[in-house]
Amino acid sequence: MTTIHWFRKGLRLHDNPALLAAVREGTELRPVFVLDPWFVKNAKVGPNRWRFLAQTLADLDAGLRKLKSRLFVVRGSPEEVFPKLFKTWDVKRITWELDTEPYARTRDERVEKLAKECGVEVACRVGHTLYRVEKIIDANLGKTPLTYQSLQKLANKLGHPPKPIGTLTELPEPCHLQEEAASNASYDPPSLKELGVKEEKLEPCFYPGGETEALARLEKYMERKSWVCKFEKPKTSPNSLQPSTTVLSPYLKFGCLSPRTMYHQLLQVYKGSSHTQPPVSLLGQLLWREFFYTVGATTPNFDRMEGNPVCRQIPWVRDEKLMDAWTHARTGYPFIDAIMTQLRKEGWVHHLARHAVACFLTRGDLWQPWEDGMKVFEELLLDADWSLNAGNWMWLSASAFFNSYFRVYSPIAFGKNTDKHGDYIRKYLPQLAKYPESFIYEPWKAPLGVQRAAGCIIGQDYPRPIVDHSVVMKRNLERMGQAYRAGKEKKASEAKPPPKKKMKK
DNA sequence: TCTGGCGTTGTTCCC
DNA sequence: GGGGAACAACGCCAG
């Protein structure tokens, strides 16, 4: 008799309630990850994230082997794979961690149905969010909280999230695998080649995937107690040469790190010391994640403008050339292009850098739909997380959550706050490295002599700006104003439906 | 029903 | 360089 634990996110051995639920005396355990070749071929996932996944699966397999088990990476779609596994392995039970994304929910419903047809019991546990989403909604009387403050209040009402359960350090004897299953190479974690990644084209790896790395990274930051206690997100730099924040986001996205583990470690560090508070504190960052997960889980069409009840309808105008220039770091604004270059190379950029490029693409300058920008992030970010990505793009495009659309990030001035000399630009756009400080953010203003001396002619070696920020920003502010007014009118007309005849009291 | 305060992270100009 | 006001003025929410 066998139990399968199906890994999807939650790729870890620590604080993994669903995995623990699969471990039982007298039952064999088969830890499974399903790799769908169709998805590998067709999904828009950049090489950096494939590499991260490959490293994560290898680490998970190694961790399980220390427990005399292994990871079974099974090739196929879940619907194809499981009915076969249920039969050949004599499976009586399957466990997985609850996933709140619509795509995953549909998938899980289908697999649950198949399991029932095969007489296999299904057990789900919450491990990816601090709270079970339904608990938050219930505490809010059935409504989705739409502001951070309301989420925070609800979290306070619920109390601290459950403490993490420990790390799985040993498995009962019957869970140990037989030699034959352990050595079957057809279930080995995928190579980069299998994932369609051309190794020779990969950039250096700064953020290796896996639980081991995640816990080491967490520990490294938690040791810096004073830094943790003083952490204020808005005061960290978007353009430092080394990340000014923890870069734990990719590990949280894949579940290499449990948010509850991080939460309770933060409480330990805070204990007895004065410390910053949400929303700006490190713990506050986990609540932001929780906020977007909650809204994303309960809002229809959350990753689209149309049919999305929380998203303002704005008449963006698609322009392939503008979109392409932004995507491939050719806008002619060095701060923007440097960020897009770092994103493509390293798979991570600072949150405020994301703000700058997202604002630039949408309401600030290029007037492109936020959905298109979201898709580029989805491809390139190691931490691309469905709810957070969509939520933040709506935020930055002033489509939802954030409404002060007149606060526009300047592609010239914003970066100077934390990097006057432009070292960040020089690092990621080396063609501009020799520009004097006075022109590094606006190289097109440099006299030709200066351009020649710097060895980079604008319009030839680096593009001219594709738009004039001060001009398009003013036009876009007007467009935003119009869209807001139109939205308000529509709301008002919906609030006052065609007068039903009512008797006055 | 109305109002004032507030919202994780704006810019520019002036003193 | 630090601080404050103007810019033009949003939606949410508590009272």
Side-chain angles (χ1 to χ4, degrees), chain A residues 140-141 143-156 230-240 243-246 249 266 275-292 295 309-314 333 335-336 339 349-360 362-365 388 391-421 441-442 468-492 494-496:
Chain A
N140 200 35
L141 309 174
K143 282 183 299 185
T144 300
L146 290 174
T147 63
Y148 182 86
Q149 286 196 344
S150 56
L151 186 279
Q152 206 187 328
K153 277 179 197 158
L154 295 165
N156 285 339
K230 287 180 188 152
F231 185 93
E232 285 181 71
K233 187 66 169 280
K235 289 191 182 164
T236 57
S237 165
N239 47 6
S240 49
S244 60
T245 49
T246 64
S249 52
L266 282 169
H275 55 85
T276 52
Q277 296 292 332
V280 296
S281 63
L282 264 179
L283 194 136
Q285 305 311 303
L286 286 174
L287 292 179
W288 277 107
R289 178 178 181 273
E290 198 74 3
F291 172 61
F292 285 122
V295 194
V310 304
C311 182
R312 180 165 280 105
Q313 304 298 300
I314 295 168
Y333 284 92
F335 181 56
I336 301 298
I339 293 167
V349 290
H350 185 277
H351 188 62
L352 287 179
R354 302 179 196 198
H355 278 211
V357 296
C359 181
F360 185 87
T362 57
R363 66 188 168 89
D365 295 80
L388 279 61
N392 278 307
W393 272 96
M394 279 188 266
W395 185 293
L396 263 301
S397 59
S399 299
F401 313 117
F402 173 83
N403 314 293
S404 302
Y405 63 79
F406 39 84
R407 287 186 194 166
V408 177
Y409 288 88
S410 161
I412 299 152
F414 184 63
K416 290 182 186 173
N417 293 334
T418 42
D419 180 21
K420 198 163 161 265
H421 184 56
Y441 282 89
E442 309 170 87
D468 182 336
H469 172 68
S470 58
V471 173
V472 293
M473 183 193 67
K474 283 189 194 105
R475 188 191 59 190
N476 291 347
L477 279 178
E478 271 172 39
R479 286 165 150 179
M480 286 303 282
Q482 276 174 23
Y484 268 60
R485 283 190 294 276
K488 211 189 249 178
E489 277 167 30
K490 197 168 173 240
K491 221 177 180 180
E494 279 165 5
K496 274 189 234 163

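Only heavy atoms go into these numbers, but all of them, side chains included; no hydrogens, no water, no symmetry mates. Naming: A, B, ... by sequence-line order, numbering from 1 per chain.
For the 3.5 Å distance criterion, the side chains of A/H469 and A/Y333 fail to qualify, holding no donor opposite an acceptor.
The P atoms of C/dA8 and B/dG5 are separated by 22 Å, rounded to the nearest whole Å. Across C/dG11 and B/dT11, the matching P atoms stand 22 Å from one another, rounded to whole Å. Taking atom C1' in both C/dC12 and B/dT1, one finds a spacing of 16 Å when rounded to whole Å. For the C1' atoms, the distance linking B/dT9 with C/dC13 amounts to 22 Å, nearest Å. With C1' as the reference atom, C/dA9 and B/dG7 are 14 Å apart, rounded to whole Å.
Between the P atom of B/dG10 and the CG atom of A/L396 lies a distance of 11 Å, rounded to the nearest Å. The interatomic distance linking A/N403 (CG) with B/dG10 (C1') rounds to 15 Å, in whole Å. Atom-to-atom, CZ of A/F291 to P of B/dT8 comes out at 9 Å; the value is rounded to the nearest Å. At whole-Å resolution of the value, OH in A/Y409 and C1' in B/dT12 are 16 Å apart. Nucleotide B/dT11 holds its P atom 10 Å from the CE atom of A/M473, rounded to whole Å. The interatomic distance linking A/M480 (CE) with C/dG11 (P) rounds to 11 Å, in whole Å. Between A/N417 atom CG and C/dG1 atom C1' there is a gap of 13 Å when expressed in whole angstrom units. Protein atom CG of A/L286 is 16 Å distant from nucleotide atom P of B/dT8, rounded to whole Å.
Annotation: A/F335 is not in aromatic contact with A/F360 [ring centroid separation under 6.0 Å not met].
Residue-level contact check: A/K488 touches the backbone only, with heavy atoms under 4.0 Å from sugar-phosphate atoms and none from bases. Using a 4.0 Å heavy-atom criterion, one finds that A/V408 contacts the sugar-phosphate atoms exclusively. Across all strands, A/E232 comes closer than 4.0 Å to no nucleic acid atom at all (heavy-atom distances). A/R312 comes within contact range of the sugar-phosphate backbone alone, with a heavy-atom separation under 4.0 Å but no base atom that close. A/F402 comes within 4.0 angstrom of no nucleic acid atom, judged by non-hydrogen atoms across all strands.
The nucleotide whose nearest atom lies closest to any side-chain atom of A/K233 is, among B/dT8, B/dT11, C/dG11, B/dT8. Listed candidates were B/dT11, B/dG7, B/dT8. Nearest to the side chain of A/S404 is B/dG7. Comparing atom distances between the A/F414 side chain and each of B/dT8, C/dC12, B/dT11 picks out B/dT11 as nearest.
Note that the CD atom of A/Q313 and the SG atom of A/C311 stand 5.5 Å from one another [nearest 0.5 Å].
Ring orientation note: the planes of A/Y405 and A/Y484 are tilted relative to one another, at an angle of 30° to 60°.
Partner of A/I336 under the side-chain contact (heavy atoms from CB on, under 4.5 Å) criterion, chosen from A/V357, A/D365, A/I412: A/V357.
Stacking here means ring centres nearer than 5.5 Å and ring planes tilted less than 30 degrees, and by that measure A/Y484 does not stack onto C/dC10.
For the pair A/F231 and A/Q285, the minimum side-chain heavy-atom distance is below 4.5 Å.
Shown here are the side chain to side chain donor-acceptor pair (under 3.5 Å) partners of A/T245, two or more places apart in sequence or in another chain: there are none.
Scanning both residues, A/A155 and A/L287, for their nearest heavy atoms gives CB-CD2, 4.3 Å.
Stem regions for DNA chain B, each three or more consecutive Watson-Crick or G-U pairs with both distances under 3.5 Å and listed by first number, read B:2-7 with C:10-15, B:10-15 with C:2-7.
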